[in-house]
Structures are given as structure tokens and as C-alpha cells.
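Scope of the values below: all heavy atoms of this structure, side chains included, with no hydrogens, waters or symmetry mates. A, B, ... follow the sequence lines: proteins, then strands. Residue 1 opens every chain.
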Number of protein chains: 2
Amino acid sequence: MLDPISRVRRFNRAVTSAVGALDTSFLGRGRPLGAARVLNAIGHGRSDVAEIRDYLGLDSGLMSRLLRSLEDAGLVETTTHQDDARRRIAKLTRAGRREFAAYEALSNAQADGFLAQHSQREALLAAMDLIASVLTRERVALEEMDPRCEEARHCLGEYYAELGRRFKQGFDVSRSRDPDAKDMRRPRGTFIVAMSDTLPIGCVGLKGTDHGYAEIKRLWVAPAARGLRLGRRLMDATEDAARELGITLLRLDTNSALPEAGQLYRTTGWREISRYNDDPYPDLFFEKRV
Amino acid sequence: MLDPISRVRRFNRAVTSAVGALDTSFLGRGRPLGAARVLNAIGHGRSDVAEIRDYLGLDSGLMSRLLRSLEDAGLVETTTHQDDARRRIAKLTRAGRREFAAYEALSNAQADGFLAQHSQREALLAAMDLIASVLTRERVALEEMDPRCEEARHCLGEYYAELGRRFKQGFDVSRSRDPDAKDMRRPRGTFIVAMSDTLPIGCVGLKGTDHGYAEIKRLWVAPAARGLRLGRRLMDATEDAARELGITLLRLDTNSALPEAGQLYRTTGWREISRYNDDPYPDLFFEKRV
DNA sequence: CATGATGTCTGACTTTAGTCAGATATATTG
DNA sequence: CAATATATCTGACTAAAGTCAGACATCATG
């Protein structure tokens with residue numbers, strides 16, 4: 001009734017019936033669910049037939065027939081892969097794009113309707129982010145990105161906002177030594193964003209310097225993704241990138257108001273060192289040889 | 001990407017594939033999903049065939065066949081309803097109870113596994129409660145219960161804990177005028193619990209007095225269910241109950257540290273009056289004629 | 001270039017879910 | 001009691017999803 005397992009199962013029941021409703025709404029366009037799923041997979045940019053089959057978990061015979069039915073309806077055209085004539089590439093036709101847009105509109109309206117049902121939108125969204133992050137934790141992809149791209153800027157914005165909340169004196173990025181974007185791009189360094197599906201949920205920067213070491217900056221994990229050991233994965237990926245770039249010594253600074261970060265560094269081979277810069281915010285300094 | 005609708009849709013995708021996995025895990029017991037659902041509905045105490053059919057949204061022909069297949073497998077036996085020989089009552093046999101227990105174990109293990117994936121259990125559970133409450137908002141049932149029952153005690157415990165957090169001076173129930181349970185039972189008064197599936201998510205008490213009015217006490221809505229206008233529904237139900245009991249004048253006290261409550265009373269026809277008791281906690285007093 | 005692996009397609013099949021039109025027995029109501 | 005409504009069941013049907021074996025073209029590799 002009130003024990004944790006019952007609460008999870010209540011959630012499962014609620015969500016199962018909601019998902020059922022979501023599926024049947026797709027049937028409103030007079031197309032079996034299987035065909036609709038293939039159409040939408042193609043619309044979302046998956047073009048390789050084998051990839052779609054894999055993503056949707058379909059038998060190759062079934063996949064072939066579904067694709068054929070979409071072709072017959074004039075929604076999809078297929079060509080052969082240019083490097084491998086066995087593989088097929090599927091693309092939407094003009095009519096297919098129209099149809100896909102209709103499905104998208106349906107999905108968006110549904111999502112919008114769901115949000116409209118609750119006055120505490122932000123709480124609801126945060127809850128959904130958290131659950132989606134846990135469910136898709138196996139599929140979080142770490143991607144190297146330009147620190148100026150939209151995903152990176154989103155992460156950094158959230159990071160600064162959080163420092164502002166957690167530091168007693170607040171946080172003003174212009175007073176901190178804001179790393180130059182080009183120092184966090186290969187070959188000087190790199191910037192890694194953790195993507196869960198389409199949502200950026202964490203980041204870390206590796207900033208090259210001219211002083212014989214590189215610095216780790218901007219390690220951030222979205223509140224919804226904490227507890228999934230994502231910080232450790234981001235740090236591991238950064239160390240791998242550093243080794244690739246021929247960097248052998250890493251440094252970082254942090255603040256004791258962020259105890260979980262200090263804890264992470266201490267348990268992953270970082271050694272506390274004395275202050276090596278004059279940034280006003282940090283009060284803890286670490287070093288690691290990779 | 002980061003807009004609210006995309007976040008909802010990311011959640012939908014995550015949950016859809018998880019639900020798919022959940023469904024197929026049910027298939028692990030070599031029984032089609034339809035039959036498994038009927039078996040589980042019976043196991044969870046639904047015995048009236050029409051009720052099961054309605055709950056699962058099945059056609060009567062299909063329901064009949066599924067029931068027959070479970071009977072043939074020796075898992076279910078049916079009898080006719082004693083007051084109405086057209087209706088059938090389904091019960092699990094010993095083998096059926098064993099099979100049901102296996103499904104339950106599967107579901108519990110699954111829920112437990114999900115919880116184990118995240119270190120912030122409470123945050124995860126709160127998020128699930130919130131989403132489940134929004135999804136099942138249409139199906140919240142207001143039920144009159146004994147104020148001493150488990151569901152009621154859970155709500156009251158949460159209510160006191162919340163007052164403790166929100167009142168500057170804290171809250172000690174023994175210093176407040178704790179209503180006698182028998183004053184919140186028919187015919188003196190009543191106690192209503194809002195149930196969402198198996199989870200109590202709100203309550204309100206109607207306490208009879210000997211002074212020509214009845215008092216509304218213990219109005220509480222779970223944090224996960226706020227924003228769904230449940231407070232208003234609970235108040236409406238209490239007024240209905242009062243009318244049924246022949247009560248024409250209602251009073252209540254509250255505290256200005258609970259502004260959403262005061263707001264609710266002011267917009268639903270309550271009139272502020274002067275202090276009518278010596279309880280140390282309230283500082284606002286209302287009255288309504290029904 | 002022979003051999004085996006891979007990606008796709010086709011035909012033949014099964015299972016599951018669901019629909020619809022009666023048939024049957026029982027209950028309700030004027 | 002007659003007429004009507006209700007609950008269940010049965011038979012006949014369809015749609016959708018999925019399975020499996022094998023055909024065929026193409027690719028990779030020794």
C-alpha cells in the first residue's frame with residue numbers, strides 16, 4: 001500500500017495504461033502501429049533499414065513488409081547504400097514528411113495536454129526528467145561537442161545557476177577564470193556532453209594550457225541524473241581523451257561547498273595539492289597523473 | 001531538445017520501451033498477455049466478471065474465451081452470483097493462486113530492481129508518485145473511511161509532519177485540540193480519504209460538535225497531488241456529506257502560514273470570522289452555511 | 001575466385017487480439 | 001404475465017504481429 005515497491009507498481013500501472021492510450025492515438029491516422037513506428041523512426045532521422053529494425057526490435061521479414069507497405073502508400077522511398085549494395089536506405093517522400101509532421105503534431109499536442117493538467121509544471125517536468133534518466137541510464141551517450149553548441153551552453157548555464165545557489169557568496173562567471181572555448185576543443189582539449197536521448201544531462205571540459213598540465217573544468221551532472229554514477233563516467237572519458245591527446249598531468253580546482261565533487265575526486269586517484277591559481281571561487285585543488 | 005514538450009516526449013519514449021519490457025516479462029510465464037491480465041485482475045480481488053471486463057476494457061466475447069482458457073488450465077473456477085444468476089463470479093484455484101503469486105513476485109522483483117538503480121530512492125519515489133497522480137487524476141476516488149484506519153493514519157501523519165515544517169514554532173499534535181475519532185464518524189461527522197489506485201493522497205475530516213455547527217479538520221493533499229484541484233474536491237465532498245447529515249453550518253480554523261488553504265476557502269464561499277476556539281496554532285477562522 | 005557471412009526479401013504459417021451477430025438464460029418492470 | 005433489459009456465451013470472422021525457412025544478391029577474406 002505505502003511501501004516503496006507498491007509505489008513503483010502504482011506508477012507502472014498508471015504509466016502502462018497511459019502508454020496504451022498514447023499508442024491508440026497513433027492509430028487515429030488509419031495505419032497499423034507497426035507501420036507508424038517505422039515511419040516515425042525514419043522521420044526521426046534513422047535511415048539505415050538494419051538500424052531501424054534493430055531499434056524497433058523487428059524480424060527482418062516483418063520489417064521488409066512494413067517498409068514495402070509504406071513504399072506502396074507513397075510515403076517512403078528506398079535506395080541502396082552507396083558503399084554496400086546489400087543494405088537499404090529509407091527516406092521519406094514529400095507525402096511521407098507531411099504524414100510524419102502530422103504524427104509529430106499529435107505527439108506534441110499530447111505532451112502539451114499532459115503538461116496542462118498540472119499547475120506545477122516545473123515539478124512535473126523535473127520528475128519526468130528524473131525517471132527518464134533512470135530508465136535510460138544504460139543508453140546515456142557521452143559525446144564530444146563544441147563548448148559553444150546549444151547542448152553545451154545549456155549545461156553550462158545550469159552549472160553556473162547551481163553554483164550561484166550553492167556558494168554562500170553566489171557565483172558570477174565573469175569574476176571566474178572563464179576558459180576560452182578554443183582551449184576546450186581538440187587538439188588543445190575537449191568538451192564532453194552526456195546525452196540521454198535528446199536531453200543533455202551532464203558535461204565536463206578538458207582545458208589545455210601551456211604549463212605542462214591540462215585542467216578539468218565545468219564538471220556538472222543534472223539533478224535528475226544524480227546517483228547514476230555519471231560524474232565518474234564523465235571523468236573517466238575525460239582522462240581517456242587526455243591520454244589520447246598526449247596529456248599526462250591533470251589538475252582541477254573545486255570548492256568545499258560541493259562535497260560530492262570532492263568525494264568523487266578523492267576516491268578516483270586525485271591528490272590534493274596547494275593552490276595553483278588565483279581564481280576567487282575555489283578553495284580545493286587536485287592533481288592526477290594519467 | 002530542451003523545451004518542455006521535448007522533455008515530456010523523452011519521458012514517453014523512455015517509459016514506452018520500459019513498459020514494453022515489462023509486458024514481455026509477463027509473457028515469460030508462457031501465457032498470452034490477455035489471459036495474464038485476467039488472472040491478475042482476479043488475483044487482485046476482482047471477482048465479478050463484468051467488473052473485470054470493464055476494468056480491462058474487453059469485449060464480452062473475448063472475456064468469456066479468456067476466462068474459459070484459464071478455467072481449462074485449472075487456474076480459475078467460476079460460480080454464479082448468488083443474487084443474480086446471470087452474473088458469474090471468478091475465483092482462483094490453488095494452482096491459480098500459485099501462478100498469481102509467481103506474477104506478483106515477478107512484478108515486485110522488477111519494481112525492486114528499478115529502485116535499486118538509483119541512489120536517491122526517496123526522490124525517485126516522489127517523482128513516481130507525482131506522475132502517477134497526474135496520470136490517474138481522473139480516477140481519484142474519495143472514500144469515507146474510519147479515521148483510525150491505516151490509510152487515514154498515513155495521511156494524518158504526513159499532515160502533522162508538514163505542519164511541523166511549515167509553522168515557525170513547529171507543530172505538536174498533543175498541544176492542538178486533536179479531534180476524537182468518534183466525532184469524525186457517521187452519524188456525528190465523517191472522514192474522507194482520496195485514494196489514487198492504492199495510494200492515499202489526501203484527506204479531510206468533518207467533526208461533529210454539540211454547538212450547532214460542525215468543523216472541517218485535517219484537510220491535507222499529498223505534495224505529489226497538488227495542482228490537481230483535489231483540495232476543492234475534498235471540500236465539496238465534505239459539504240455534501242454535511243448536508244446529508246443535516247448539518248447547516250460549518251466552521252474551520254487554519255493558519256496564515258498555509259496561504260494556499262486560505263486562498264481555497266476564500267474562493268469557495270467561506271467567510272472569515274473571529275476566533276471561536278483557544279487552539280494555539282490557528283490564526284484564521286472561517287464559517288460557511290451549506 | 002571459392003567460401004562463408006551478411007542484409008534483404010518472399011511465401012507460408014501461427015498466435016493473439018479484437019469484432020459482430022445472434023443464442024440463451026435470467027432479471028426487472030409496468 | 002408479457003415485454004424488455006441484462007449478463008454471458010458461442011460461432012464466424014478479420015487485422016495485426018510475429019515466426020521460420022529458404023532464396024537471392026552482395027560483401028569480406030583467405
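Under a 3.5 Å cut-off, the side chain of A:Ser64 and the backbone N or O of A:Ser60 do not form any donor-acceptor pair. Although no hydrogens or angles enter the test, the distance criterion places no donor-acceptor pair under 3.5 Å between the side chain of B:Thr190 and the main chain of B:Arg186.
Considering every non-hydrogen atom in both A:Asp146 and A:Ala152, the closest pair reads O-CB, 3.5 Å.
Of the residues in residues 53-75 of chain B, those placing a heavy atom less than 4.0 Å from an atom of DNA chain D are B:Arg53, B:Ser60, B:Gly61, B:Ser64, B:Arg65, B:Arg68, in numerical order.
Rounded to an integer number of Å, the gap from B:Asp83 CG to D:dT6 P is 18 Å.
Taking the side chain as every heavy atom from C-beta outward, A:Ile42 and A:Leu67 approach each other to under 4.5 Å. Inter-residue side-chain proximity for A:Arg9 and B:Glu104 is flagged as met; some heavy-atom pair is nearer than 4.5 Å.
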All N/O pairs under 3.5 Å across the protein-nucleotides 13-16 of chain D interface:
none

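First and last contacting nucleotides of DNA chain C toward chain A (any atom under 4.0 angstrom from a heavy atom, 5' to 3' order): C:dA5 to C:dA12.
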Q. Where do B:Val38 and B:Leu70 land on the side chain to side chain contact (heavy atoms under 4.5 Å, CB included) test, with the steps shown first?
A. CA-CA 9 Å; B:Val38 172; B:Leu70 290 170; 3.6 Å; yes
Q: Mind running side chain to side chain contact (heavy atoms under 4.5 Å, CB included) on A:Leu142 and A:Val193 for me, showing each step along the way?
A: CA-CA 6 Å; A:Leu142 304 192; A:Val193 177; over 6 Å; no
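Heavy-atom distances to DNA chain D give each of B:Val49 and A:Ala35 a nearest nucleotide, and the one nearer the 5′ end belongs to B:Val49.
Shown are A:Ile201, A:Leu228, A:Leu234; of these, the side chain to side chain contact (heavy atoms under 4.5 Å, CB included) with A:Val140 is made only by A:Ile201.
A salt bridge does not link A:Glu77 to A:Lys91: none of the charged nitrogens lies less than 4.0 Å from a carboxylate oxygen. With respect to the salt-bridge test (charged N to carboxylate O, under 4.0 angstrom), the residues A:Asp129 and B:Arg7 qualify.
Distances from the side chain of B:Arg88 to the nucleotides D:dC9, D:dA25, D:dA7 place D:dC9 closest.
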